[in-house]
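Inspection log for the structure reproduced underneath, given as structure tokens.
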Amino acid sequence: MGMKLCDSDLAACGGFLYTVFILNFVLCCQLVLIQPLVAAADGKPGDTAALFERVSQSIKVKKYNEALGDLTAAIEADPALSEAYWRRASVLRQLCRYEESEKSYKKFLEINPGNSAAEKELSQLYQAQNALSSANNLFNSGDFTKALEYIDKVVLVFSPACPKAKLLKVRLLIASKDYSNAISETGYILKEDEDNLEALLLRGRAYYYLADHDVATRHYQKGLRLDPEHGELKKAYFGLKNLLKKTKSAEDNASKGKLRLAVEEYKAALALDPNHTAHNIHLHLGLCKVFVKLGRGKDAVTSCTDVLDIDEDLVEALFQRGEAKLLVEDWEGAVADLKSAAEKSPQDMSIRETLMKAERSLKLSQRKDWYKILGVSKTASISEIKKAYKKLALQWHPDKNVDNREEAEAKFREIAAAYEILGDEEKRTRYDNGEDIDDNGMGMGGGGFNHFGGGGQQYTFHFEGGFPGGGFPGGFGGFHF
């Protein structure tokens with residue numbers, strides 16, 4: 001029993017000695033760390049200078065919290081150490097912790113009233129504080145340029161280490177679509193604090209809007225590893241995943257010939273983020289190509305125009321819009337787009353071939369449509385053409401239109417010219433093939449006919465039963481049937 005008590009006493013004694021050792025060690029550490037500050041508080045110039053030199057070095061390497069810690073400890077040790085208040089106020093102003101900074105400036109001025117340098121810095125604090133507030137209001141109202149001026153020319157001049165101002169500047173750059181500078185600015189922030197969640201989010205967003213989706217994803221993922229429940233990071237990450245999924249589905253359906261499904265997927269992808277122009281340009285182009293394949297010319301023109309609104313020099317969009325305009329018979333528009341595409345890509349033979357097709361269609365569209373003049377289809381038989389001609393010749397013969405003779409004469413010439421082409425198998429074939437026909441002064445416009453005795457070729461008309469009222473004066477001849 002006695003031996004057991006002895007062992008217990010020894011254990012207790014050992015524990016007591018260990019505790020004493022630890023307490024002494026902590027005390028020594030405190031003395032070592034606090035001694036310069038206490039010495040400074042005692043008014044020793046050398047030690048005060050060492051304190052402020054250490055604070056200056058901390059600020060130089062952007063270790064603001066260490067500088068604030070030293071200054072706060074010095075103030076606690078000696079509340080009358082006025083320069084510590086001033087330096088503390090300056091550090092807090094740089095960090096845009098304006099309310100705390102204002103209190104420190106006022107405390108310093110309470111001890112040292114009328115100090116012009118401190119009063120000037122306090123004025124700068126108010127300027128920076130007001131400018132930051134104005135920049136936030138301008139950002140919310142959409143005046144990004146003015147807001148950036150407040151940040152660059154006021155806030156970051158007087159508060160160069162202000163994290164709120166730096167992040168607001170990045171948001172303003174993104175809103176202004178200056179993504180490269182947004183990436184640079186967030187790079188500086190992350191160099192100082194690699195785990196800054198908002199900087200990771202904004203940098204990822206800048207890469208996203210440049211369509212560098214892989215890098216954007218890596219930034220979002222890093223942020224979510226640090227905070228899996230961060231709302232904005234989750235929204236950005238899963239939004240990007242959904243966009244890429246919809247895009248791939250649209251492209252896969254288009255390549256497999258499932259064109260109507262592809263249209264729906266392209267439209268769904270475009271609806272996810274209408275502001276993502278760097279990616280949407282490819283979605284609009286893909287949609288345009290599908291519409292061309294479906295023969296939906298009007299929709300294709302709209303989609304390709306959306307592409308060219310983003311990049312007016314994109315050759316593929318010019319080519320596809322040219323194809324789409326051929327579908328809607330906008331021959332001049334097709335030629336203009338295809339010429340522009342051919343100039344930008346002179347070696348592309350498919351563009352050149354399509355341009356020739358468009359130019360031929362334009363040329364055909366500019367000549368008179370003899371089928372339309374006679375009111376017959378392009379597949380009409382010769383008997384149908386003759387029948388239509390006889391009917392119109394009787395209707396528009398000048399002797400039967402004495403009240404509007406000039407109009408009738410013009411119509412009669414046109415009808416005769418149409419029959420001259422379509423009533424002749426060889427000429428009709430040449431006309432259908434797009435060839436120029438200019439026989440006996442008769443061009444594509446139908447000019448050069450003289451049916452009224454003024455010289456030139458004469459025609460004699462023989463209709464069954466004759467024209468009512470006998471022959472036609474004025475030198476009218478006619479076609480034989």
Side-chain angles (χ1 to χ4, degrees), residues 138-145 147-148 168 170-183 186 198 200-220 223 230-255 258-294 296-321 324 337:
L138 289 165
F139 173 64
N140 292 329
S141 66
D143 191 345
F144 308 130
T145 302
L148 274 169
L168 177 57
V170 175
R171 289 187 178 276
L172 287 164
L173 289 169
I174 291 174
S176 304
K177 300 183 179 180
D178 188 353
Y179 305 120
S180 295
N181 277 324
I183 289 168
T186 47
E198 191 167 0
L200 287 168
L201 170 67
L202 294 175
R203 198 161 204 250
R205 192 168 288 164
Y207 277 114
Y208 164 81
Y209 280 119
L210 288 173
D212 195 342
H213 295 142
D214 289 340
V215 178
T217 298
R218 289 201 294 272
H219 280 77
Y220 297 152
H230 192 285
E232 284 192 88
L233 280 166
K234 284 174 70 174
K235 182 179 178 181
Y237 175 68
F238 289 109
L240 175 52
K241 281 190 71 174
N242 192 29
L243 175 64
L244 296 177
K245 181 180 177 182
K246 288 286 185 186
T247 300
K248 188 175 186 306
S249 177
E251 291 171 346
D252 287 347
N253 281 318
S255 65
K258 299 177 180 179
L259 302 181
R260 287 176 177 78
L261 280 175
V263 167
E264 296 308 314
E265 292 292 349
Y266 274 123
K267 287 183 175 180
L270 283 165
L272 291 174
D273 188 353
N275 296 318
H276 192 358
T277 54
H279 183 68
N280 289 351
I281 189 172
H282 303 294
L283 296 177
H284 284 303
L285 183 58
L287 187 56
C288 175
K289 289 179 179 179
V290 172
F291 280 140
V292 169
K293 289 178 182 177
L294 287 169
R296 291 168 59 177
K298 185 177 179 181
D299 291 327
V301 169
T302 300
S303 291
C304 270
T305 300
D306 288 335
V307 176
L308 293 166
D309 285 343
I310 299 170
D311 181 358
E312 63 182 1
D313 295 322
L314 191 61
V315 172
E316 184 65 13
L318 286 166
F319 175 62
Q320 290 294 328
R321 192 171 71 172
D337 281 345

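Computed from a prediction, not measured in an experiment: that's the story for all the values here.
- Gln320 CD to Leu308 CG: the interatomic distance, rounded to the nearest 0.5 Å, is 11.0 Å.
- The heavy-atom pair separating Leu240 from Tyr220 by the smallest distance is CD2-CE1, 4.2 Å.
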Check the pair Tyr179, Lys177 against side-chain contact (heavy atoms from CB on, under 4.5 Å), reporting the backbone distance first and the verdict last. CA-CA 5 Å; Tyr179 305 120; Lys177 300 183 179 180; 3.4 Å; yes

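- Closest heavy-atom contact between Ala278 and Leu210: CB-C, 4.1 Å.
- Separation of atoms NZ (Lys248) and CD (Glu251) is listed at 8.5 Å; rounding is to 0.5 Å.
- Using a 4.5 Å heavy-atom threshold, the side chains of Arg260 and Leu294 count as touching.
- No donor-acceptor pair closer than 3.5 Å links the side chain of Asn242 to the backbone N or O of Phe238.
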side-chain contact (heavy atoms from CB on, under 4.5 Å) for Leu285 and Leu314? Distances and angles first, verdict last. CA-CA 10 Å; Leu285 183 58; Leu314 191 61; 4.2 Å; yes

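- Note that OG1 of Thr302 and CG of Asp306 are 7.0 Å apart. Values are rounded to the nearest 0.5 Å.
- Closest approach of Ala182 and Ile174 over heavy atoms only: CB-CG1, 3.8 Å.
- Judged by distance alone, with hydrogens and angles left aside, the side-chain atoms of Ser255 form a donor-acceptor pair with the main-chain N or O of Asp252 at under 3.5 Å.
- With hydrogens and angles left out, the side-chain atoms of Thr186 and His219 include no donor and acceptor closer than 3.5 Å.
- Using a 4.5 Å heavy-atom cutoff, the side chains of Leu148 and Ser176 are in contact.
- Between Glu316 atom CD and Lys289 atom NZ the span is 4.0 Å, to the nearest 0.5 Å.
- Closest approach of Val290 to Leu259, counting heavy atoms only: CG1-O, 3.5 Å.
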Assess the residue pair Phe319 and Val292 against the criterion (side-chain contact (heavy atoms from CB on, under 4.5 Å)); give the C-alpha distance rounded to whole Å, side-chain angles, the decisive distance to 0.1 Å, and a yes or no. CA-CA 11 Å; Phe319 175 62; Val292 169; over 6 Å; no

Checking side-chain hydrogen bond (donor to acceptor under 3.5 Å, both in side chains) for the pair His279/Thr247: CA distance, chi angles, key distance, verdict? CA-CA 10 Å; His279 183 68; Thr247 300; 2.9 Å; yes

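- Side chain of Thr305 to backbone of Val301: a donor-acceptor contact under 3.5 angstrom is found.
- In this structure the side chain of Glu198 never reaches within 4.5 angstrom of the side chain of His230, judged on heavy atoms.
- Residues Lys258 and Glu265 fail the side-chain proximity criterion, which asks for heavy atoms closer than 4.5 Å.
- Closest non-hydrogen pair, Asp311 versus Ile281, comes out as CB-CD1, 3.7 Å.
- We find the CG-CD1 distance between Asp212 and Ile183 to be 7.5 Å, quoted to the nearest 0.5 Å.
- Arg321 pairs in a salt bridge (Lys or Arg N to Asp or Glu O under 4.0 Å) with only one of the listed residues (Asp299, Asp337, Asp309), which is Asp337.
- Asn275 approaches Asn280 most closely through the heavy-atom pair N-ND2, 4.3 Å.
- Aromatic ring pairs are classed by plane angle as parallel below 30°, tilted from 30° to 60° and perpendicular above 60°; the pair Tyr208 and His213 is tilted.
- How far CD of Glu312 is from CG of Leu318: 9.0 Å, rounded to the nearest 0.5 Å.
- Relative orientation of the Phe144 and Phe139 rings is tilted, given thresholds of 30° and 60° on the angle between their planes.
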